[in-house]
2 protein chains.
Amino acid sequence: MFDWDDLRVFLAVARARKVAPAARTLGIDGTTIARRLGRLEKALDAQLFEVGVGDRTLTARGRELLAHAETAESAALAALEEVKGQEHRLSGQVRLSVAEGFGTWVLAPGMGDFNRRHPGIRLDLVTASGFLNPSNREADMAVMLARPQRGRLTVRRLGDYRLHLYASPAYLERVGRPGKPADLRDCTLIGYVPEFIFSPELDYLDEVEPGLEANLRSTSIIMQQRMIAEGAGIGVLPDFIGRRDPALMPLMTDRVEITRSFWLVMQGDMRRLARIVAVADWLQERIDTLKPIDAARQAR
Amino acid sequence: MFDWDDLRVFLAVARARKVAPAARTLGIDGTTIARRLGRLEKALDAQLFEVGVGDRTLTARGRELLAHAETAESAALAALEEVKGQEHRLSGQVRLSVAEGFGTWVLAPGMGDFNRRHPGIRLDLVTASGFLNPSNREADMAVMLARPQRGRLTVRRLGDYRLHLYASPAYLERVGRPGKPADLRDCTLIGYVPEFIFSPELDYLDEVEPGLEANLRSTSIIMQQRMIAEGAGIGVLPDFIGRRDPALMPLMTDRVEITRSFWLVMQGDMRRLARIVAVADWLQERIDTLKPIDAARQAR
DNA sequence: TGAATATGCTGCAAATTTGCAGGATGATTT
DNA sequence: AAATCATCCTGCAAATTTGCAGCATATTCA
């Protein structure tokens, strides 16, 4: 294989039609240009420029090479453009892995604000299928609902959130209002599909009352919320979802309360990048906006 | 501007996931690899690989670069091919990725002919596990049964083929001849394993009659053909398979007919290489030989 | 036509790049 | 648990690449 970098000098000479001007634009000595050109011709076993004196004009093979060299050039330029210096600029792409409910109810409403603040950063929300896979680098950072232990990851606690039982007024009217956790055994319960509970922290029902199992199940908390709101049954929801939906009523708030934490997880080496910091700060802010919701509940 | 040649070592490391194996494939010392990688990272001012121990996994920035580096690579490879020495001679290797049934029944019978016509070209048939992976260069070109959308690939339609229901005479004698698609619900059906249907275009049974599911399943169309021929049941087969096996009888040809297309896919840069053109032409010919089969069916 | 300027090639020294050996660390096998 | 293997980083010498100066030749402009 020839030296790919020689394509760069080939392009310069093909465009300048002379070695010396090409040398000036590249900032390399003309001698070097000539030698690398010769090396390339030898490696390709082809005459790229006409031999005669005067301007260097391309041979047929040279023109063939030109097309490919230009492709390579645009690839290299694009690479430079996209990758270079992203580390220090407040721009670029950040891929944030979040749980569906958190993304929908906490982050999505603030995305416009983030974009106004950091127009250069493209923030992608990818819904987590469970956990951030650090080896695959599916995401640059992740907000997780359970603290990960393994791996060389940077972990930071962003704050707490509470969960309560929720139901719709229609359901309560139809089947009555349960007074204690044990009453839930006779209710239609809505929860996660057990096989897809990737962390014991998500098995809320069992924590409310051991042995409790959901009758209507979904891997999606949003679908669960919809089911509860439609009066299908009772389920556990984070307050940042349940308190914002007027169709939902919290139940047994004094007897059943679950507390969990948000964890910000990222690759250690990204911690200092400007755009990562910007996103992390914004996340902290978003989560801080949840506190009033919590306080409102306490006041009731 | 960074040294374009460093993209080559970057690609090697990204693929080998380690410096040492990459060094072996490139024939350069591992130290040099590491140093040039470091130089590239400095030039791009970006971390390309994970810092920790173990395998070198790409960072987000590295993955961005990978895409561009691959473009540059295919340009460089094409340049080498086209320009180098005896570039226009019909020789070299072509790796063609094909679906199993197509390879077995359409291409394999004509391989001898191809070899006589182009003794200098070594044509490898690799069975596709679904799609052509352009990044790994597993194949130079591919005949696909579904049109790929993504990537910078050259796509060309080679022609159409039809599929019908097939069964063996023995099976029909034993359980009777179904007269309409709905009758198939009572038959033993043979088809693909749903989990491995990588493209909706392959879900033939559902197209014959919605909701139809196979009882006997295989990821291999050849095995399906064998099952049908042995009288195990009824299945959908391309005519280029079914019509050539005397043990198979087409069913309901006037009521159930599925049409699909063959797509020729290749790296854009290779399009013009002589040996690629030779293979593409031959593929077109092979597919054109299918038309009489189709016509024969129509005449019946 | 002739002078002025520019191009491009050949030696030589400087700078850079490369490979090798040795040793620390981690992974794999017995 | 020990041993073996492989990976990968750190100095140092060799090899290659690069730049500069000088000169022959070509091009340009008056």
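Within every chain, numbering begins at 1; the chains are lettered A, B, ... in the order of the sequence lines, protein sequences first and strands thereafter.
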Side-chain H-bond candidate by donor/acceptor type, T31(A) with D29(A), under 3.5 Å: yes
Can a donor-acceptor pair be found between the side chains of D160(A) and S261(A) at a distance below 3.5 Å?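 Yes.
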Checking side chain to side chain contact (heavy atoms under 4.5 Å, CB included) against L58(B), which of V13(B), L66(B), L65(B) comes through? L66(B)
Does D3(A) pair with R39(A) as a salt bridge, N-O distance under 4.0 Å?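 R39(A) and D3(A): salt-bridged.
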Do the side chains of E41(A) and R61(A) get close enough for a salt bridge, i.e. N-O under 4.0 angstrom?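 Here E41(A) does not pair with R61(A) in a salt bridge, since their nearest N and O are not under 4.0 Å apart.
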Using whole Å, report how far [atom1] of [X] lies from [atom2] of [N].
X: D55(A); N: dA26(D); atom1: CG; atom2: C1'; value: 11 Å
X: L40(A); N: dT17(D); atom1: CG; atom2: P; value: 13 Å
X: R36(B); N: dC8(D); atom1: CZ; atom2: P; value: 17 Å
X: D29(A); N: dG8(C); atom1: CG; atom2: C1'; value: 11 Å
X: R56(A); N: dT7(C); atom1: CZ; atom2: P; value: 12 Å
X: I33(B); N: dC20(C); atom1: CD1; atom2: P; value: 13 Å
X: R39(B); N: dC9(D); atom1: CZ; atom2: C1'; value: 18 Å

Side-chain N or O of T32(A) versus OP1/OP2 of dG19(D): is the shortest distance under 4.0 Å?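 Yes, because at least one side-chain N or O of T32(A) sits under 4.0 Å from OP1 or OP2 of dG19(D).
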Once you measure the plane-to-plane angle for Y161(A) and F262(A), does it fall in the parallel (<30°), tilted (30-60°) or perpendicular (>60°) bin? parallel
Quick one: list whatever passes salt bridge (Lys or Arg N to Asp or Glu O under 4.0 Å) with D5(A), sequence neighbours left out. R8(A), R36(A)
Measuring only between side-chain heavy atoms, which start at C-beta, is [X] closer than 4.5 Å to [Y]?
X: V265(B); Y: T154(B); result: no
X: L264(A); Y: V155(A); result: no
X: W4(A); Y: D6(B); result: no
X: E285(A); Y: F114(A); result: no
X: W263(A); Y: R156(A); result: no

Tell me the bend of the helix from dT1(C)-dA30(D) to dT30(C)-dA1(D) as the angle between end helix axes, each from five pairs, rounded to the nearest 10 degrees. 50°
Ring centre gap for F49(A) and F10(A) strictly below 6.0 Å: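 Aromatic pair counts; centres sit under 6.0 Å.
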Set out, line by line, the N/O atom pairs under 3.5 Å between protein and nucleotides 10-12 of chain C.
none

I need the residues from residues 17-27 of chain A with at least one non-hydrogen atom less than 4.0 Å from DNA chain C; give them sorted by number, or say none.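 Heavy-atom contacts with DNA chain C come from K18(A), V19(A), A20(A), P21(A), R24(A).
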Near DNA chain D, counting only heavy atoms under 4.0 Å, which residues of residues 3-12 of chain B show up?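 The answer is none.
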With a 3.5 Å cut-off and sequence neighbours excluded, list the donor-acceptor pairs that the side chains of residues 16-27 of chain A form with protein atoms.
unit_1: T25(A); atom_1: OG1; unit_2: A22(A); atom_2: O; d: 2.8

Side chain of I28(B), heavy atoms from C-beta onward: which of dT18(D), dC9(C), dG19(C) has the nearest atom to it?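 From the listed options, dG19(C) comes nearest.
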